[in-house]
Amino acid sequence: WFTLTCSAKPTSEGQKLKADLEYKTGNSTKSYKELDFSVERTSSEGLVWLWNKDKQIGVVIKNL
């Protein structure tokens with residue numbers, strides 16, 4: 001599982017935002033604060049693909 005808390009609602013390709021990320025792997029939990037993400041892609045179903053270049057972290061979320 002993961003929790004992503006964004007500084008703004010990601011809505012359009014090319015948008016830049018900061019986010020806090022916490023995720024669980026096996027028996028450990030990792031967290032990052034103030035990561036820089038860019039919106040790489042969006043879909044008409046509300047899916048948003050976010051990418052952090054520095055940590056090479058990609059997440060796909062659904063805007064509700």
Worksheet entry | Verify same cluster id: Tyr23, Trp49 (apolar side-chain graph, 4.5 Å) | no
Discussion item. Please say yes or no: joined through hydrophobic side-chain contacts below 4.5 Å, possibly via intermediate residues, are Leu47 and Phe2 part of one cluster?
Written reply: no
Quick one: closest heavy-atom pair of [X] and [Y], and the distance?
X: Glu13; Y: Thr42; answer: OE2-N, 3.5 Å
X: Leu64; Y: Lys9; answer: O-NZ, 3.9 Å
X: Ser7; Y: Leu17; answer: OG-CB, 3.8 Å
X: Cys6; Y: Ala19; answer: CA-CB, 4.0 Å
X: Pro10; Y: Ile61; answer: CG-CD1, 3.8 Å

Worksheet, complete the sentence: Those residues at least two apart in sequence (or on a different chain) that pass salt bridge (charged side-chain N to carboxylate O under 4.0 Å, His left out) with Lys18 are Asp36
Worksheet item: Is a donor on one side and an acceptor on the other found under 3.5 Å between the side chain of Gln15 and the backbone of Thr11?
Response: yes
Pairwise distance [atom1]([X]) to [atom2]([Y]) - rounded to 0.5 angstrom:
X: Trp51; Y: Glu40; atom1: CH2; atom2: CD; answer: 8.5 Å
X: Trp1; Y: Lys24; atom1: CH2; atom2: NZ; answer: 7.0 Å
X: Phe37; Y: Ile57; atom1: CZ; atom2: CD1; answer: 5.5 Å
X: Thr5; Y: Glu22; atom1: OG1; atom2: CD; answer: 8.5 Å
X: Asn52; Y: Leu35; atom1: CG; atom2: CG; answer: 5.0 Å

Discussion item. Is there a side-chain contact between Val48 and Val39 in this structure, where contact means two heavy atoms from C-beta onward sitting under 4.5 Å apart?
Written reply: yes
